[in-house]
Amino acid sequence: MTSVWGLGAFFAPETIAIIGASADETKIGGRPIRNLRLGGYRGQILPINPGRDTVQGLRAYPHLGDVAGPVELAIICVPAAQVPAAVADCVAKGVRAATIFSSGFAEVDAAGAAEQAKLVATASRGGLRLLGPNCMGTINTGVGLLGTFTSVIVNDPLPAGRISIASQSGAFGSHCLALMRKAGLGVNLWATTGNQCDVEVGDFLEYMAADPGTGTVIGSIEGVHDARSMIRAFEIARENRKPVIIMKVGRSEAGAAAMTSHTASLAGSDAVFDAVLRQHGVHRARSIDELMDVAYACSLGRFPTSRRLGIVTVSGGVGVLMADAAADVDLDVPPLPDDAQQRMKALVPFAGTRNPLDVTAQILANPGLIEPMFSTLITEGGYGSVIAFLSHLGLNPQVVAGLFPGLTRVAERYGDHFLAVSVLAHPDTRAALEKMGYAVFEDPTRAIVAIDALARFAEAFAKVPTPVAVAADMPRVTPGAIYSEYEAKALLRSVGVPVPDERVAASAMDAADAAQAIGFPVVLKILSPDIVHKSEIGGVILNIEDREAASAGYNLLQTRAAAAAPNARIDGVLVAPMIADGVETVLGVVRDPVFGPVVMFGLGGIFVEI
């Protein structure tokens, strides 16, 4: 069973059975029916309730087996003790997918985890995909499917859009819905996974990455069981030029412990998770504000053509603040060319013309300055994105009327660039700017973070994947074995990693002969699988210049090793060329409990602990 097999039934079923349906619209068993009808769901809603003939005006059925036709999706709203029977009924009926709202399983204790495992076993035997338990369901605004009990949906259906969200936490997913509605952002698909007994966030991310109606993907992750599905999702999204924004909790020790108790999720290394996201061009949001800011910026469909940022400001101090914020995220804020600066100076004699371009309060007297400022930054500065800080000017209708003609022409002329305005504005002014193609932010530093994320997306989309070459005959490594430096380097050499010409000496004469064959100067190192840090016992001698020094060095290393580590196994002395330049590095592999083997690379030598 592939990870995305059967997921379509959670988003576009033609029939939905509500097991535990309630006539009370405020109860968990009643809300999905109300929400489906509010959203305009065109499929068949089948309430299952043995105590009622009708539920919310719909014919009710005493048992799932009493439904005459096929059922694609079941929403299970009964107490935990009744869930096993409900899942068995779904299997018997041939239901394709089931969402379990009920809690009281792996998130509670070991007994709950055991019951949850039984649910999975029952479902897998019948080819039933399970979502949850302890989740809030799914949404597809395109077909009016609001299969959830979230209280975010009150009197109006959700606005449709191209942002899709997969969240392990139902409450967090609902919070995102509320924020999107407040910001005027439309949602396409939405799913919450709870305990992830079968379907995981990564599965939905993969589905959304391939979904034609999705333009931007948001994921909220607590724990990952199937790393492969998540990585596939990231790869598919990049191939389809879809930004992926991830909120991953559990970075701290306390956070990881709280996450485990909340959803019984396994916490891998947060550093490894970060590396996976960077490798696949995924943005990791560190706050909910950042998550929404980046999603909003992505929704405009424009991405910076480079990491070079041009800044226009009516405040020199805020311009400095923005330049500092850009430096924090490694956006480049290079100066305008000198001749362009001179022309800007001619327009505004008191302006700061380097970049940021400080137009001062002259913009009030001459709002038409905004057009040449933007145009010069783009055409002559070569900036991939430009942002203008206009403070509170968006609240002044007269100033807005003066600014709009120039801003309109800029947006029409430079639609391939990312254009942003940081301004306090009335809603109609903001909407008009967004219609032109500008991203509008109140906080300029938050805008800078969003621009950085979009620039990194653009770089990821442009990157051509490099095929990985795998050696045909990989050497066999014995698990748990300890290899000497010479043996370890022999393994590396066998798979194409370049290593120096090194030789093992078993006597002082061998050391002298090896040194002469390699060519002076050489370095001598004690060779023992039991002595890891050689320099700490004086086990390394540098700059051996002749045969006599090599012979004497061999004897000295044997003496030092015997004194410092009398029980160590000594395999001889390693003779190697003395390499004066280069950078010492450390290379290794660690096995992350979630993502498996991970390459570790960093500074070596005395800096290895850093």
Side-chain angles (χ1 to χ4, degrees), residues 1 3-11 13 16-21 27-29 31-32 35-36 48 64 71-91 95-109 111-124 126-140 145-150 165-174 189-205 207 219-226 229 259 261-265:
M1 183 183 295
S3 60
V4 296
W5 180 87
L7 296 194
F10 290 109
F11 293 116
I16 304 176
I18 314 296
I19 302 176
K27 291 186 176 180
I28 288 180
R31 286 181 184 174
N35 290 340
L36 287 166
I48 308 299
L64 184 62
V71 175
E72 288 189 73
L73 173 66
I75 297 178
I76 299 174
C77 314
V78 296
Q82 299 175 27
V83 171
V87 170
D89 290 344
C90 289
V91 170
V95 177
R96 292 176 55 197
T99 298
I100 304 175
F101 288 166
S102 317
S103 58
F105 293 91
E107 82 282 4
V108 175
D109 53 26
E115 288 301 314
Q116 182 173 299
K118 293 177 184 178
L119 298 180
V120 176
T122 300
S124 62
L128 171 69
R129 298 308 306 264
L130 289 181
L131 179 59
N134 187 32
C135 75
M136 279 193 178
T138 57
I139 290 173
N140 179 357
L145 185 142
L146 304 179
T148 176
F149 64 89
T150 177
I165 302 174
S167 173
Q168 187 169 353
S169 165
F172 184 84
S174 293
L189 307 178
W190 178 88
T192 62
T193 58
N195 290 7
Q196 304 193 131
C197 74
D198 173 21
V199 182
E200 294 192 23
V201 168
D203 301 329
F204 280 130
L205 292 177
Y207 185 92
S220 172
I221 298 169
E222 297 179 16
V224 181
H225 298 138
D226 185 359
S229 69
M259 176 197 73
S261 64
H262 173 49
T263 52
S265 296

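All heavy atoms count here, side chains included; hydrogens, waters and symmetry mates do not.
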Partners passing side-chain contact (heavy atoms from CB on, under 4.5 Å) against [X] (at least two apart in sequence or in another chain):
{"X": "Ala98", "answer": "Ala74, Ile76, Cys90, Leu128, Leu130"}
{"X": "Lys118", "answer": "Glu115"}
{"X": "Ser174", "answer": "Met136, Thr150, Val152, Trp190"}

Salt bridge (Lys or Arg N to Asp or Glu O under 4.0 Å): which pairs involve residues 72-86, sequence neighbours left out?
Glu72-Arg96
Taking only residues two or more places apart in sequence or in another chain, which ones pass ring-ring contact (aromatic ring centres under 6.0 Å, His included) with Phe172?
none
Phe105: what forms a ring-ring contact (aromatic ring centres under 6.0 Å, His included) with it, not counting sequence neighbours?
none
[X] side-chain N/O to [Y] backbone N/O, donor-acceptor pair under 3.5 Å:
{"X": "Asn195", "Y": "Asn134", "result": "no"}
{"X": "Glu200", "Y": "Asp226", "result": "yes"}
{"X": "Ser102", "Y": "Val78", "result": "yes"}
{"X": "Asp109", "Y": "Ala111", "result": "yes"}

If you take all heavy atoms of Val91 and Gly126, which pair is closest and at what distance?
CG1-CA, 3.7 Å
Looking only at non-hydrogen atoms, find the nearest pair between Phe101 and Gly147 and report the distance.
CZ-O, 3.8 Å
Can you tell me how far apart [atom1] ([X]) and [atom2] ([Y]) are? Round to the nearest 0.5 Å.
{"X": "Ile48", "Y": "Ile75", "atom1": "CD1", "atom2": "CD1", "answer": "11.5 Å"}
{"X": "Arg31", "Y": "Ile18", "atom1": "CZ", "atom2": "CD1", "answer": "14.0 Å"}
{"X": "Ser169", "Y": "Ile221", "atom1": "OG", "atom2": "CD1", "answer": "12.5 Å"}
{"X": "Ile165", "Y": "Thr138", "atom1": "CD1", "atom2": "OG1", "answer": "13.0 Å"}
{"X": "Ile139", "Y": "Phe10", "atom1": "CD1", "atom2": "CZ", "answer": "14.5 Å"}

For [X], check side chain to side chain donor-acceptor pair (under 3.5 Å) against everything at least two apart and list the hits.
{"X": "Asp89", "result": "His63"}
{"X": "Asp203", "result": "Ser229"}
{"X": "Thr193", "result": "Gln196"}

Begin from the C-alpha positions of Val199 and Tyr207 and carry the test side-chain contact (heavy atoms from CB on, under 4.5 Å) through to its verdict.
CA-CA 11 Å; Val199 182; Tyr207 185 92; over 6 Å; no
Under the side chain to side chain donor-acceptor pair (under 3.5 Å) rule, what pairs show up with a residue in residues 73-84, not counting sequence neighbours?
none
Please determine whether side-chain contact (heavy atoms from CB on, under 4.5 Å) holds for the pair Phe11 and Leu145, giving the CA-CA distance in whole Å, both sets of side-chain angles, and the decisive distance to 0.1 Å.
CA-CA 7 Å; Phe11 293 116; Leu145 185 142; 5.6 Å; no
